[in-house]
Undergrad: 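Once you've had a glance at the structure underneath, I'll fire off some questions.
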Amino acid sequence: MDRRDFLVGTGLLAVTPTSASASQGVDWGAVRREFRLDPSLTNLGLFYLASNPREVRDAIERFKRRLDANSHDLMPEQADEVAAALGQYIGGAAGDIAFVPNTTIGLSIVYGGLKLRADQELLLNDQDHSWHRQSAELAAQRVGAKVRIGTLYENSSTATEDEIATRLRNSITPQTRAVGITWVQSSTGLKMPVRACAQVVADANKGRKQEDRCLLIVDGVHGLAAVDDDAARLGADVFVAGTHKWLFGPRGTGIAWVNPQVSDQIVPLLPSLSNRSQTALLGPGGFHPFEHYYAVKAAVEFHQRLGRNRVAARITELATRFKDGLASIPGAVIHTPREPRMSAGLVCFDIAGQSGPQLVERLSQKRIQITTAAYRIPYARIGTAVINTQAEIDKTLKEIRALT
Ligand SMILES: Cc1ncc(COP(=O)(O)O)c(C=O)c1O
């Protein structure tokens with residue numbers, strides 16, 4: 001009996017969903033039991049750094065044993081398998097993927113390796129993560145280029161695709177060498193309309209030479225394995241994401257996917273271990289915790305078996321339940337768009353009279369883990385992972401209500 005049969009047989013996947021909600025038909029309680037979560041804690045911050053399900057832990061252990069037995073046995077074929085699995089998962093080619101230890105290093109490698117001139121600029125916006133911004137700033141400083149920070153909407157909860165696309169169109173200049181955006185913003189929970197942004201960038205590129213081409217660089221970390229879409233087909237030129245958040249992959253793993261049409265525009269910043277492809281060369285070399293890299297495949301397979309659509313539907317259902325509940329609490333302000341089209345699994349909010357950090361502290365006294373968004377205004381924030389439950393959402397709402 002292979003692993004797949006085992007999971008179906010034990011009821012992880014109860015029936016094929018046919019009903020209105022794609023998340024139905026999965027025994028989410030059984031999925032949750034695959035994780036070693038602290039049962040006394042309601043953890044609505046699971047996106048922060050992944051907990052690993054049993055089969056990922058087992059895969060890490062398996063590779064670790066082989067390396068412990070003979071550390072010369074570096075299993076390069078496993079790297080090919082991981083790239084193939086990830087390529088399939090994101091709708092791209094294995095050769096267009098580089099392994100990186102996390103989103104931050106992936107973005108740093110991409111901006112740092114981008115062929116950038118002093119007369120060019122990188123255009124980010126005020127809702128990109130500070131490590132994304134710093135990656136761009138460090139790269140720009142090296143060549144004397146500029147980083148410009150735009151604002152793509154007035155109000156996160158009511159922002160529209162049109163508003164964002166229009167503002168982006170008005171911000172790009174002939175000097176803009178790259179536009180950096182975040183698929184799902186951890187500052188507001190807003191899901192950026194990446195395809196609309198890609199169209200704006202494509203229009204701006206008309207008539208430009210390859211060395212002047214504007215690249216769309218996406219920090220995709222809170223979309224990968226939370227949104228049911230092909231990351232490699234969003235229209236971005238570069239997609240970077242840690243696989244150690246929503247994908248539940250081993251900690252210290254991530255990917256950078258590069259559109260093959262622009263791979264000649266990004267040169268490696270560091271020596272690489274891999275000569276799999278031009279893009280694979282971007283992955284930093286030296287020795288790594290290989291058991292973690294190779295076990296990413298187990299995380300992809302875990303998600304594929306659950307089904308990307310079911311995972312996204314479950315995440316959305318829980319987030320919507322939280323937003324709906326919050327909306328009925330006096331003094332609550334939701335900064336994340338209510339509609340799933342413009343949001344995913346992160347919900348940012350405020351409660352009148354309490355700062356984000358105060359709310360984190362008060363809920364932690366009730367054994368509820370939430371976070372704040374580490375931005376200018378540290379909104380309170382939750383993330384709904386597939387292994388959270390409706391009861392956890394309801395309990396959190398009840399405690400928030402009790403605090404108001
Ligand atoms: C939007 C965003 N980008 C990047 C990061 C950093 O991710 P990593 O730990 O994979 O470098 C975070 C933080 O968790 C984030 O919220």
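Residues take their numbers from the sequence shown, with the count starting at 1. All ligand and atom numbering here is 1-based and tracks the order in the structure.
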Undergrad: Would you say the ring centroid of F248 lies under 6.0 angstrom from that of F35?
TA: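 They qualify: ring centres under 6.0 Å apart.
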
Undergrad: Could you tell me which atoms of ligand 1, counted from 1 in the order shown, lie closer than 4.0 angstrom to a heavy atom of H244?
TA: 8 (P), 9 (O), 10 (O)

Undergrad: Heavy atoms, side chains only, cut-off 4.5 Å: are I60 and N52 in contact?
TA: yes

Undergrad: Got the closest protein heavy atom to atom 11 (O) of ligand 1, with its distance?
TA: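 Checking every protein heavy atom, the shortest distance to atom 11 (O) of ligand 1 gives T104 OG1, 2.6 Å.
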
Undergrad: Test of understanding: given a 4.0 Å heavy-atom threshold, classify the contact between T103 and ligand 1 as side chain, backbone, both, or neither.
TA: both

Undergrad: Among R117, K115, R177, find the residue that satisfies the salt bridge (Lys or Arg N to Asp or Glu O under 4.0 Å) test when tested with D212.
TA: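 Testing each of R117, K115, R177 against D212, the sole residue satisfying salt bridge (Lys or Arg N to Asp or Glu O under 4.0 Å) is R117.
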
Undergrad: Quick test: of every protein heavy atom, which one is nearest to atom 15 (C) of ligand 1, and how far off is it to 0.1 Å?
TA: H129 CD2, 3.2 Å

Undergrad: For the side chain of N125 and the backbone of Q127, is there at least one donor-acceptor N/O pair under 3.5 Å apart?
TA: yes

Undergrad: Nearest non-hydrogen contact with atom 3 (N) of ligand 1 belongs to which option: D219, V240, L346?
TA: D219

Undergrad: Run the ring-centre check on Y111 versus H132 and record whether the distance is less than 6.0 Å.
TA: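 Between Y111 and H132, the centre distance is under 6.0 Å.
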
Undergrad: Taking distance alone, with no angle check, do W131 and ligand 1 share an N/O pair under 3.5 Å?
TA: no

Undergrad: Check H222 against ligand 1 and report side chain, backbone, both or neither, counting heavy atoms closer than 4.0 Å.
TA: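 Side chain only.
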
Undergrad: Is it the case that the side chain of T104 and the backbone of W131 share a donor-acceptor pair, with hydrogens and angles ignored and the cut-off at 3.5 Å?
TA: no

Undergrad: Check each of V386, L306, V311 against V26 using the side chain to side chain contact (heavy atoms under 4.5 Å, CB included) test, and report the only one that passes.
TA: L306

Undergrad: Heavy-atom contacts under 4.0 Å between Y48 and ligand 1: side chain, backbone, both, or neither?
TA: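 For Y48, no heavy atom sits under 4.0 Å from ligand 1.
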
Undergrad: May I ask whether K245 has any heavy atom positioned less than 4.0 angstrom from an atom of ligand 1?
TA: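 Yes, that is the case, since the closest heavy atom of the residue is under 4.0 Å from the ligand.
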
